Amino acid sequence: MTRFNEYNSLFFVINLFMLCSAVRSDLNADFYKQTCPDLLKIVRKEVKDALKIEMRMAASLLRLHFVDCFVNGCDASILLDGSNSEKFATPNLNSVRGFQVVDAVKSAVESACSGVVSCADILALIARDSVLLSGGPTWKVLLGRRDGLVPNQRGANLAIPSQYDTLDTIISKFANVGLNVTDVVSLSGAHTIGRARCATFSKRLWNFFNTGGPDSTMEKDMLSDLQHVCLVNGDGNKTTALDRNSNDLFDNHYYQNLLDGKGLLYSDQILFNGGDDETKSVVDNYRRKPKLFFDDFIKSMIKMGNIGPVTGSSGQIRKNCRVIN
Ligand code: HEM
Ligand SMILES: *[C@@H]1O[C@H](CO)[C@@H](O)[C@H](O)[C@H]1NC(C)=O
Ligand SMILES: *[C@@H]1O[C@H](CO)[C@@H](O)[C@H](O)[C@H]1NC(C)=O
């Protein structure tokens, strides 16, 4: 009995050790405590100012952290301009926005502590503040990322999920960066804020995968509303709310929408109707338990923020987020 307990606690210690090294990251919340003590305040103020002008900006900024982290890790590669820019990758083209706000935050940070804070860390802080200022949860952002030196447009085309990917493809694109099925469902909850262009969902309204009719999983009133917003051969850049119930509020209503057939993107609705019992049950859990959604969203955001960070002496601290030094 004693021996059993000894083995048991030995295993426990070993497991704990393995777990710690598996999720170990070189990032920490106090990274700039000495070198840029007012960093968090500066970022918060700039994000607040931007949201006063346009509330949707919170969504656009949150999305930037996601599309950055999925390509070459969270290294601010999305911010680099030039012909190989990730801004021109298919999932991002005419779609990602908020770069002027990032520039404004960066220059406010540079005025206070020049050459110290990476653009990648700024994106992570901006994403957290955007969620919080939209009524969502908050968390301590781990810091200490460095900025990458090259954009990867091809990588962006391959790694960033598309709205018409199958659920299996989406799950494997998340798995490729170390995120699991729960992370797929919790992070998709980001679509509780922001807007999407007709070009990204209009196939569902008119000729769904060449069926000659609409996607049968879409709720009928929403379908007819959207058919008036996104006309056949209409303006593909016209936008509508991802969460029609509470567009600017970061809440868990996104999941109720999925139960009601009111997911806007195909990639949203298949989390519930895609034939995967696991995603379906997580959707139902988050719908019923807002606190569980918030807690899991935080965990998944931290996990996403840890994807392939550039640390140590690799990379650099960019002076201007759009170009390498
Ligand atoms: C699961 C795979 C995902 C797919 C297929 C996907 C796809 C899309 C698409 C197509 C749009 C609309 C873009 C446009 O109309 O121009 C969009 C918007 C958005 N996405 Fe995702 N997304 C995914 C995951 C995520 C994740 C993980 C986050 C953040 C954690 C996120 C945050 C957002 C936000 C906030 C918007 C609104 C942006 C705005 O209003 O400017 N998405 N997404
Ligand atoms: C996914 O990862 C989280 C930790 O981030 C863990 O709590 C959860 O159990 C994992 N889920 C699955 C389905 O493996
Ligand atoms: C959307 O707007 C961009 C310019 O911002 C334009 O180049 C593009 O052709 C438009 N796309 C659609 C589908 O109308």
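When a ligand or atom number is given, it counts from 1 through the structure's own listing order. Since we're looking at a predicted model, the values are computed, not measured.
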Atom indices of ligand 3 within 4.0 angstrom of N237 heavy atoms, with elements: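 The atoms of ligand 3 under 4.0 Å from a heavy atom of N237 are 1 (C), 2 (O), 3 (C), 8 (C), 10 (C), 11 (N), 12 (C), 14 (O).
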For [atom], closest protein heavy-atom neighbour:
| atom | value |
| --- | --- |
| atom 35 (C) of ligand 1 | A59 O, 3.1 Å |
| atom 29 (C) of ligand 1 | A190 CB, 3.4 Å |
| atom 10 (C) of ligand 1 | Q163 OE1, 3.5 Å |
| atom 12 (C) of ligand 1 | A196 CB, 3.6 Å |
| atom 41 (O) of ligand 1 | S60 OG, 2.6 Å |
| atom 13 (C) of ligand 1 | S95 OG, 3.3 Å |
| atom 25 (C) of ligand 1 | F66 CE2, 3.4 Å |
| atom 8 (C) of ligand 1 | L265 CD1, 3.6 Å |

Under 4.0 Å between a side-chain nitrogen and a carboxylate oxygen: does that hold for D276 and K280?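 A salt bridge is absent here (no side-chain N lies under 4.0 Å from a carboxylate O).
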Starting from the C-alpha separation in whole Å, work towards a yes-or-no answer on side chain to side chain donor-acceptor pair (under 3.5 Å) for N252 and Q256. CA-CA 7 Å; N252 70 331; Q256 181 66 54; over 6 Å; no
Indicate, as side chain, backbone, both or neither, the part of P91 found under 4.0 angstrom from ligand 1 when only non-hydrogen atoms are considered. neither
Using a 4.0 Å cutoff against the non-hydrogen atoms of T200, which atoms of ligand 1 qualify? 10 (C), 14 (C), 15 (O)
Using a plain distance cutoff, I'd like to know if [X] has any nitrogen or oxygen under 3.5 Å from a nitrogen or oxygen of ligand 1.
| X | result |
| --- | --- |
| R197 | yes |
| R195 | yes |
| S188 | no |

Which is closest to atom 21 (Fe) of ligand 1 by heavy-atom distance: H191, H65, R63?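 Closest candidate by heavy-atom distance is H191.
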Nearest non-hydrogen contact to atom 2 (C) of ligand 1 from the set G98, P161, C69 belongs to P161
Decide whether [X] and [Y] meet the rule of one side-chain donor and one side-chain acceptor closer than 3.5 Å.
| X | Y | answer |
| --- | --- | --- |
| D215 | Y266 | no |
| S186 | D183 | no |
| N245 | N257 | no |
| N273 | T217 | no |

Test your reading of the model: is there a side-chain donor-acceptor pair from Q316 to the backbone of N325, 3.5 Å cut-off? yes
Would D296 and K299 count as a salt bridge (charged side-chain N to carboxylate O under 4.0 Å, His left out) if you check the C-alpha gap in whole Å, the side-chain angles of each, and the deciding distance to 0.1 Å? CA-CA 5 Å; D296 281 6; K299 280 188 216 156; 3.7 Å; yes
Does atom CZ of R154 have more than 12 heavy-atom neighbours, drawn from other residues, nucleotides or ligands, at distances under 6.0 Å?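 Counting other residues, nucleotides and ligands, CZ of R154 stays at 12 neighbours or fewer.
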How about NZ on K291, more than 12 heavy atoms from neighbouring residues, nucleotides or ligands closer than 6.0 Å, or not? no
Picking from E54, R97, R195, what satisfies side-chain hydrogen bond (donor to acceptor under 3.5 Å, both in side chains) with S60?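 The side-chain hydrogen bond (donor to acceptor under 3.5 Å, both in side chains) with S60 is passed solely by R97 among E54, R97, R195.
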Could you name each residue pair satisfying ring pair (Phe, Tyr, Trp, His ring centres under 6.0 Å) that touches residues 63-107, not counting sequence neighbours? F66-F70, F70-F174
Give me the one residue out of F272, Y286, F297 that meets ring pair (Phe, Tyr, Trp, His ring centres under 6.0 Å) with Y255.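 Output: one option passes, namely Y286.
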Who's touching ligand 2 if we go heavy atoms under 4.0 Å?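 Within the 4.0 Å shell of ligand 2, which is judged on heavy atoms, sit N180, T182, E278, K303.
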